[in-house]
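Shown next, in structure tokens, is the structure this report addresses.
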Amino acid sequence: MDEPRIKVQGSATEITVAANAAGLRDLAERLIGLADPELSDGYHEHLEGGINLEEGSVSLILARDETL
């Protein structure tokens, strides 16, 4: 299987999250994890360019917010 590759780009009016198939699975697993009933409101994950995301990506925070 390929290495997950995810790139996040943004402007004032839109955000684009582009990924290969492995990257899309990785994001899906992270989102499913955030939906776990054992986690509390406010739990979040930071994804950063050059670490979890491709170089040049803007940072992305995935957050659980039960007020929504």
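The structure displayed is predicted, hence computed values, not measured ones.
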Exercise. Checking D2 side chain against A22 main chain: does a donor-acceptor pair fall under 3.5 Å?
Worked result: no
Exercise. With distance as the sole test, does D26 use its side chain to make a donor-acceptor pair with the main-chain N or O of P4 at under 3.5 Å?
Worked result: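 No.
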Straight-line distance of [X] [atom1] to [Y] [atom2], nearest 0.5 Å:
X: I51; Y: S57; atom1: CD1; atom2: OG; value: 11.0 Å
X: I6; Y: L24; atom1: CD1; atom2: CG; value: 7.5 Å
X: L27; Y: L62; atom1: CG; atom2: CG; value: 7.0 Å
X: N20; Y: E3; atom1: CG; atom2: CD; value: 9.0 Å
X: H44; Y: D65; atom1: NE2; atom2: CG; value: 12.0 Å
X: L60; Y: R30; atom1: CG; atom2: CZ; value: 9.5 Å

For this session: Determine, using the 4.5 Å side-chain heavy-atom cutoff (strictly less than), whether L47 and L31 are members of one ILVMFWY cluster.
Result: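 Yes.
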Problem set entry | Residues T16 and Q9: side-chain donor-acceptor under 3.5 angstrom |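 Judged by distance alone, the side chains do not pair up.
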Problem set entry | Test side-chain contact (heavy atoms from CB on, under 4.5 Å) applied to V58 - qualifying residues, sequence neighbours left out | V8
Problem set entry | Sub-4.5 Å side-chain heavy-atom contact between R64 and L39 | yes
Problem set entry | Smallest separation among heavy atoms of K7 and E55, with atom names | NZ-O, 3.4 Å
